[in-house]
Number of protein chains: 2
Amino acid sequence: MPDQPVDEGCSIAATLAAVGDRWTLLILRDLFRGVRRFEQLRSDLGISRNLLTDRLQRLVELEIVHRVPYQDRPIRHEYRLTAKGADLSPALVALMRWGDLWYAVDGPPTLLVHDTCGTPLDQAVSCPACHEPVGAQHIRSRPGPGRMTETTGADR
Amino acid sequence: MPDQPVDEGCSIAATLAAVGDRWTLLILRDLFRGVRRFEQLRSDLGISRNLLTDRLQRLVELEIVHRVPYQDRPIRHEYRLTAKGADLSPALVALMRWGDLWYAVDGPPTLLVHDTCGTPLDQAVSCPACHEPVGAQHIRSRPGPGRMTETTGADR
DNA sequence: CCGAGTCAGTTGCGTTTAGCAACTGACTGC
DNA sequence: GCAGTCAGTTGCTAAACGCAACTGACTCGG
């Protein structure tokens with residue numbers, strides 16, 4: 001997928017360049033849920049086969065997903081998240097919460113719970129110094145160590 | 001923008017249907033950073049004018065962004081996040097962190113800090129009962145109250 | 001008051017990407 | 001040996017994107 005407008009030097013742009021197309025995050029959502037096989041993914045998502053082939057290949061190249069054989073004769077593979085793929089979990093959680101908040105009139109269609117105790121989970125941005133949650137209006141952005149060049153002033 | 005494959009009954013799909021195209025999240029990133037005017041957005045993103053017009057209109061329709069006049073003669077508007085738009089902050093933070101983790105070799109290009117104390121922020125999924133952070137492998141998903149119908153078994 | 005400049009679009013056109021349907025191929029199981 | 005499943009591939013059409021040129025409402029400098 002398309003070389004996104006890759007604003008090098010922005011991690012959001014870098015992430016979207018990797019997984020920011022119409023299907024990839026939905027494929028990953030299914031992988032998190034345990035849907036791992038081509039045909040299952042296809043019918044669950046309603047994606048066409050050629051695109052699914054394409055997106056999975058790309059995810060494998062990016063090492064977000066790996067192919068694991070689950071039978072020989074005929075050889076068939078399933079797709080599993082790598083550590084890099086599993087690290088997308090917070091992003092999917094955040095996207096889900098926004099959908100829950102603004103589009104789920106009767107409450108969330110899916111709850112995320114702690115496996116050991118079954119309690120519904122929280123997600124928060126917080127300040128390790130102040131030990132409190134931080135809302136969007138209290139987040140500032142600053143150039144970090146990985147910034148190459150021209151630090152323009154316009155912060156949040 | 002395109003009517004995404006809207007798997008109704010999945011908040012991730014609902015969110016992606018709203019903001020999951022090639023440009024929208026980058027536009028929102030800029031709005032969070034304080035870039036608010038058409039021409040600024042255009043040149044910062046390198047997006048073509050027609051698409052920017054289109055995306056902004058859609059964001060206004062969805063009430064993620066609103067148009068505020070900043071001068072008359074000629075009348076000019078800037079685009080600002082609504083509360084709904086501001087609620088996307090955690091999602092952008094999560095996408096940014098993944099990019100930082102996997103693509104920022106020299107450290108993050110941008111740091112998010114607490115406005116009052118300047119401390120770099122954390123984001124975590126946590127269990128309110130156990131009072132501890134919860135990694136991807138300990139998250140289970142369950143049908144929630146907003147689920148309409150056929151609860152298929154395949155959980156995470 | 002005329003021409004250059006700015007900002008915010010709109011229009012038109014060619015290229016890319018996506019979506020659909022039909023086909024292949026390696027099997028299993030009856 | 002024929003139907004069925006799974007995982008693709010190929011070919012064609014439709015939708016989305018990207019670029020460049022044009023419009024329009026102004027301001028400002030001379």
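Every chain is numbered from 1 and lettered A, B, ... according to where its sequence line falls, protein lines coming before strand lines. All values reported here derive from a predicted model rather than from experimental measurement. Scope of the values below: all heavy atoms of this structure, side chains included, with no hydrogens, waters or symmetry mates.
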Q. CZ of B:Arg22 versus P of D:dA15: gap in Å, rounded?
A. 17 Å
(Q) With a cut-off of less than 4.0 Å, is there a side-chain N or O of B:Tyr79 near OP1 or OP2 of C:dG9? (A) yes
Q. Taking CG from B:Leu52 and C1' from C:dG9, how many angstroms apart are they, rounded to a whole number?
A. 10 Å
Q: Assess the side chains of B:Thr24 and B:Asp21: does a donor N or O sit below 3.5 Å from an acceptor N or O?
A: yes
**Q.** Sorted by number, the residues of residues 66-76 of chain A with heavy-atom contact under 4.0 Å to DNA chain C
**A.** A:Arg73, A:Pro74, A:Arg76
Q.
Can you measure B:Arg37 atom CZ to C:dT6 atom P for me and round it to whole angstrom units?
A. 15 Å
**Q.** Which atom of A:Leu88 lies closest to which atom of A:Phe32, heavy atoms considered
**A.** C-CZ, 4.2 Å
Identify each atom pair where a protein N or O and an N or O of nucleotides 20-22 of chain C are less than 3.5 Å apart, giving names and distance.
residue	atom	partner	partner atom	Å
C:dC20	N4	A:Asn50	OD1	3.4
C:dC20	N4	A:Asn50	ND2	2.5

Q) With sequence neighbours excluded, what pairs up with B:Trp102 under the side-chain contact (heavy atoms from CB on, under 4.5 Å) test? A) A:Lys84, A:Asp87, B:Trp98
**Q.** Rounded interatomic separation in angstrom, taking CH2 from A:Trp23 and C1' from C:dA18
**A.** 10 Å
Q) Rounding to a whole Å, what distance do you find between B:Glu39:CD and D:dC26:P? A) 18 Å
Q. What integer distance in Å separates B:Gln40:CD from C:dG9:P?
A. 13 Å
Q | Which residues share a salt bridge (charged side-chain N to carboxylate O under 4.0 Å, His left out) with A:Arg37, sequence neighbours left out | A | A:Glu78
Q. How would you list, by chain and number, every residue that makes a side-chain contact (heavy atoms from CB on, under 4.5 Å) with B:Asp115, sequence neighbours excluded?
A. A:His138, A:Arg140
Q. Between B:Leu51 (CG) and D:dA20 (C1'), how many Å, whole number?
A. 14 Å
Throw together a table of side-chain donor-acceptor distances under 3.5 angstrom for residues 119-134 of chain B, partners on residues two or more places apart or in other chains.
residue	atom	partner	partner atom	Å
B:Gln123	OE1	B:Ala94	N	3.4
B:Gln123	NE2	B:Pro90	O	3.1

Q: Any salt bridge (charged side-chain N to carboxylate O under 4.0 Å, His left out) involving residues 100-109 of chain B? Give me the pairs, sequence neighbours left out, ordered by first then second residue.
A: none
Q) Taking only residues two or more places apart in sequence, or in another chain, which ones meet B:Glu39 in a salt bridge (charged side-chain N to carboxylate O under 4.0 Å, His left out)? A) B:Arg42, B:Arg49
Q: Measure from CG on B:Leu45 to P on D:dC17 and round the result to the nearest Å.
A: 14 Å
Q | Set of residues satisfying side chain to side chain donor-acceptor pair (under 3.5 Å) with respect to B:Thr15, sequence neighbours excluded | A | none
Q: Check every atom of C:dC7, C:dG9, D:dC17 against the side chain of B:Arg55 and return the nucleotide holding the closest atom.
A: D:dC17
